[in-house]
J.: 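Quick one: the structure is below, and I'll ask about it shortly.
The chains referred to below are lettered A, B, ... by the order of the sequence lines, with proteins before strands, and numbering in each begins at 1.
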Protein chains: 2
Amino acid sequence: MDDKRRKFKRESPEQRKLALIEATLQLVADYGVRGATVRRIAEQADVTQGLIRHYFSTKEDLIVAAYEHHMVFMTDLTAAPADAIEGSARERLIAFVVASLTPPVVDPRSLALWASFLNKVQNDPQMKAMHERTYAYFRDRLEDLIRDAYGEAKRQASDAKFRHLAIACNAVIDGLWLEGGALPDAFAAGELKNIGLDSVGSILGLNLIEEAKQQ
Amino acid sequence: MDDKRRKFKRESPEQRKLALIEATLQLVADYGVRGATVRRIAEQADVTQGLIRHYFSTKEDLIVAAYEHHMVFMTDLTAAPADAIEGSARERLIAFVVASLTPPVVDPRSLALWASFLNKVQNDPQMKAMHERTYAYFRDRLEDLIRDAYGEAKRQASDAKFRHLAIACNAVIDGLWLEGGALPDAFAAGELKNIGLDSVGSILGLNLIEEAKQQ
DNA sequence: CGCGTAATTATTCAAGTGTATAATTTGTGA
DNA sequence: TCACAAATTATACACTTGAATAATTACGCG
């Protein structure tokens with residue numbers, strides 16, 4: 001008569017936590033933090049809702065863990081390509097800009113996550129600190145790349161000027177990232193990347209147009 | 001024994017609607033769309049919750065009305081200063097950039113509202129259309145100002161180039177707006193405005209530094 | 001093989017949610 | 001002044017929410 005109890009498999013804590021975090025990120029992107037209810041998250045992760053509390057003592061905990069996971073992921077995605085390059089500072093700067101303006105960094109889901117978390121980031125001290133750390137890391141990295149590229153080109157500038165340039169370049173990148181995520185169909189493939197390199201180049205007075213890839 | 005019925009005053013429909021919309025915007029900025037409950041909105045507007053349904057047939061209606069109100073407000077705030085200027089295209093372009101990078105356009109609350117509405121904007125067709133219209137209006141205005149400024153400076157460019165430049169300048173403005181709203185204490189007064197004028201000037205190859213105000 | 005513990009499911013609960021409807025009060029026009 | 005429609009308050013309802021607790025099940029270890 002009544003349905004039998006649900007079958008289940010034990011998973012390692014790491015796998016389960018990861019699955020719950022990924023389900024959370026998906027639902028936060030789609031419905032916002034409040035719309036990502038524990039019941040929906042459990043369903044998305046294919047478990048029952050009680051299990052969430054077994055791994056995270058509260059929904060808040062899960063949200064914070066998901067946010068941190070996402071931030072680390074995004075940081076890796078943009079910073080790693082620049083680090084992987086052996087070449088000149090100019091080439092590393094190009095790689096940084098390109099990575100920041102290419103999917104999956106530029107993506108509606110990525111923008112939606114950022115927007116959904118903003119409220120919590122502004123109010124929760126823990127998340128605020130996490131956010132400011134990430135932002136400072138990005139801008140400092142960009143400023144270092146700019147300094148190196150200037151050095152390479154035998155150009156000089158004051159500290160204030162470098163700060164100014166880093167803020168401006170960061171703004172171009174953020175703005176293009178925002179627009180690419182908000183209106184994904186408004187730009188051709190590679191268009192944002194090209195506009196970004198052009199604009200950052202203009203601001204810095206450096207030519208950042210990529211040379212043709214060698215075959 | 002029991003408290004007496006609450007006293008109240010009749011207001012004109014326009015005043016009441018406006019009060020409800022403003023209360024809604026405040027709570028959406030603070031808690032997001034789902035956090036802005038009808039009970040809290042009613043409390044903020046100093047009425048009882050039943051009244052909301054008298055003016056808006058559903059919460060969704062109220063949210064849409066509040067979003068539209070906010071968009072019109074923001075549009076006026078940035079477009080009007082450029083229109084008010086009689087001078088050259090260059091001066092109008094400067095006014096547009098300055099208005100976009102000065103409070104109350106640059107403001108944590110303004111950013112919070114944008115972020116809170118993003119989910120609805122991406123999913124609700126009505127709100128999506130409203131958003132795309134506003135975005136296109138901004139970028140087209142900017143492109144026109146750029147065209148005029150180029151004409152004034154006896155410079156020429158292709159349509160594709162103008163589109164490219166408008167996207168880039170729009171991105172700088174959006175990026176600085178975002179950062180100013182997200183980290184209000186990270187920038188000195190007027191700093192964003194100066195960086196914006198510098199950067200837009202570099203991208204366009206025009207000098208946009210404001211001349212000293214006449215006393 | 002079977003036992004114990006942690007993982008997982010199932011159920012319960014109080015508080016909060018949007019909406020519907022009923023009950024009052026206000027101001028206005030005849 | 002007085003009735004009446006609109007504005008406003010008050011109450012009720014069905015459903016969702018996060019959290020707490022109880023009941024089961026999987027699986028490693030002896």
Side-chain angles (χ1 to χ4, degrees), chain A residues 1-28 30-67 116 119-120 123-124, chain B residues 1-24 27-28 30-67 116 119-120 123-124:
Chain A
M1 185 83 84
D2 60 328
D3 318 51
K4 27 170 115 101
R5 194 182 179 89
R6 173 187 175 124
K7 284 275 158 44
F8 67 94
K9 217 183 97 201
R10 286 167 104 101
E11 298 281 0
S12 77
E14 292 71 29
Q15 279 181 357
R16 271 279 135 87
K17 278 193 183 182
L18 188 60
L20 287 172
I21 283 174
E22 277 169 353
T24 303
L25 288 173
Q26 184 59 45
L27 291 169
V28 168
D30 287 346
Y31 305 109
V33 172
R34 291 196 197 232
T37 67
V38 292
R39 283 168 179 81
R40 275 205 263 219
I41 292 170
E43 184 188 22
Q44 175 90 11
D46 201 36
V47 295
T48 52
Q49 63 155 321
L51 191 58
I52 289 181
R53 234 178 87 78
H54 188 258
Y55 287 106
F56 300 92
S57 67
T58 186
K59 181 191 171 182
E60 184 74 13
D61 269 22
L62 173 55
I63 296 293
V64 171
Y67 179 67
S116 294
N119 261 296
K120 285 223 160 275
N123 297 328
D124 181 312
Chain B
M1 185 83 84
D2 61 327
D3 320 52
K4 31 169 116 99
R5 194 182 178 90
R6 173 188 175 123
K7 282 278 158 40
F8 68 94
K9 215 184 98 202
R10 286 166 103 102
E11 299 280 0
S12 76
E14 291 71 29
Q15 279 181 357
R16 270 279 133 86
K17 278 193 184 179
L18 189 60
L20 287 171
I21 283 174
E22 278 169 354
T24 302
L27 290 168
V28 167
D30 287 346
Y31 306 109
V33 172
R34 292 197 196 230
T37 68
V38 292
R39 282 168 179 79
R40 275 207 263 219
I41 292 170
E43 184 188 24
Q44 175 89 11
D46 201 35
V47 296
T48 52
Q49 63 156 324
L51 191 58
I52 289 181
R53 235 179 85 78
H54 189 258
Y55 287 106
F56 300 92
S57 66
T58 186
K59 181 191 172 183
E60 184 75 13
D61 270 22
L62 172 55
I63 296 293
V64 172
Y67 179 67
S116 294
N119 262 294
K120 285 223 159 275
N123 297 329
D124 180 313

J.: Using the side chain to side chain contact (heavy atoms under 4.5 Å, CB included) rule, take B:V33 and B:N119 through it: C-alpha gap first, then chi angles, then the decisive distance, then the call.
T.: CA-CA 9 Å; B:V33 172; B:N119 262 294; over 6 Å; no
J.: What is the distance, rounded to the nearest whole Å, between atom CG of B:L51 and atom P of C:dA20?
T.: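 That distance rounds to 16 Å.
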J.: In whole angstroms, how far is the P atom of C:dT9 from the CD1 atom of A:I41?
T.: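 Nearest whole value for this atom pair: 15 Å.
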J.: Of all residues at least two apart in sequence or in a different chain, which pass the salt bridge (charged side-chain N to carboxylate O under 4.0 Å, His left out) check with A:E22?
T.: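 If we apply the salt bridge (charged side-chain N to carboxylate O under 4.0 Å, His left out) test to A:E22, skipping adjacent residues, there are no hits.
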J.: Calculate the interatomic distance between B:H54 atom NE2 and D:dT9 atom P; express it in whole Å.
T.: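 That distance rounds to 11 Å.
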J.: Do B:R16 and B:Y55 form a cation-pi contact, if we require the NZ or CZ to be under 6.0 Å from the six-membered ring centre and within 45 degrees of the ring's axis?
T.: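 Ring-cation test returns no.
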J.: Nearest whole Å is fine: how far is D:dC27 C1' from A:Q15 CD?
T.: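 So the CD-C1' distance, A:Q15 to D:dC27, works out to 15 Å.
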J.: In whole Å, I'd like the distance from the CD1 atom of A:I52 to the C1' atom of C:dA10.
T.: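 Taking atom C1' of C:dA10 as the reference, CD1 of A:I52 is at 15 Å.
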J.: Round to the nearest Å and state the distance from B:D61 atom CG to C:dG18 atom P.
T.: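 So the two atoms are 14 Å apart, to the nearest Å.
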J.: Can you check whether A:A36's main-chain N or O pairs, donor with acceptor, with A:K59's side chain at less than 3.5 Å?
T.: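 Yes, the answer is positive, given that a donor and an acceptor are paired below the 3.5 Å cut-off.
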J.: Heavy-atom count around A:E11 CD within 6.0 Å, excluding the residue itself: above 12?
T.: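 Result for CD/A:E11: enclosed.
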J.: Need one value for A:Y55: base, sugar-phosphate or nothing, where a base atom within 4.0 Å counts as base even if backbone is also close, heavy atoms only.
T.: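 Since only primed, P, OP1 and OP2 atoms lie under 4.0 Å of A:Y55, the category is sugar-phosphate.
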J.: Tell me: CD of A:E11 to P of C:dA6, nearest whole Å?
T.: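 My rounded result for the distance is 19 Å.
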J.: Please report, rounded to the nearest Å, how far the P atom of D:dT8 is from the CZ atom of B:F56.
T.: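 After rounding, the gap between these two atoms is 12 Å.
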J.: Just by protein heavy atoms under 4.0 Å, how would nucleotides 17-26 of chain D read 5' to 3' in B, S and -?
T.: BBBBB-BSSB
J.: Does B:R53 come within less than 4.0 Å of B:D61, counting only side-chain N to carboxylate O?
T.: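 So B:R53 does not pair with B:D61 through a salt bridge.
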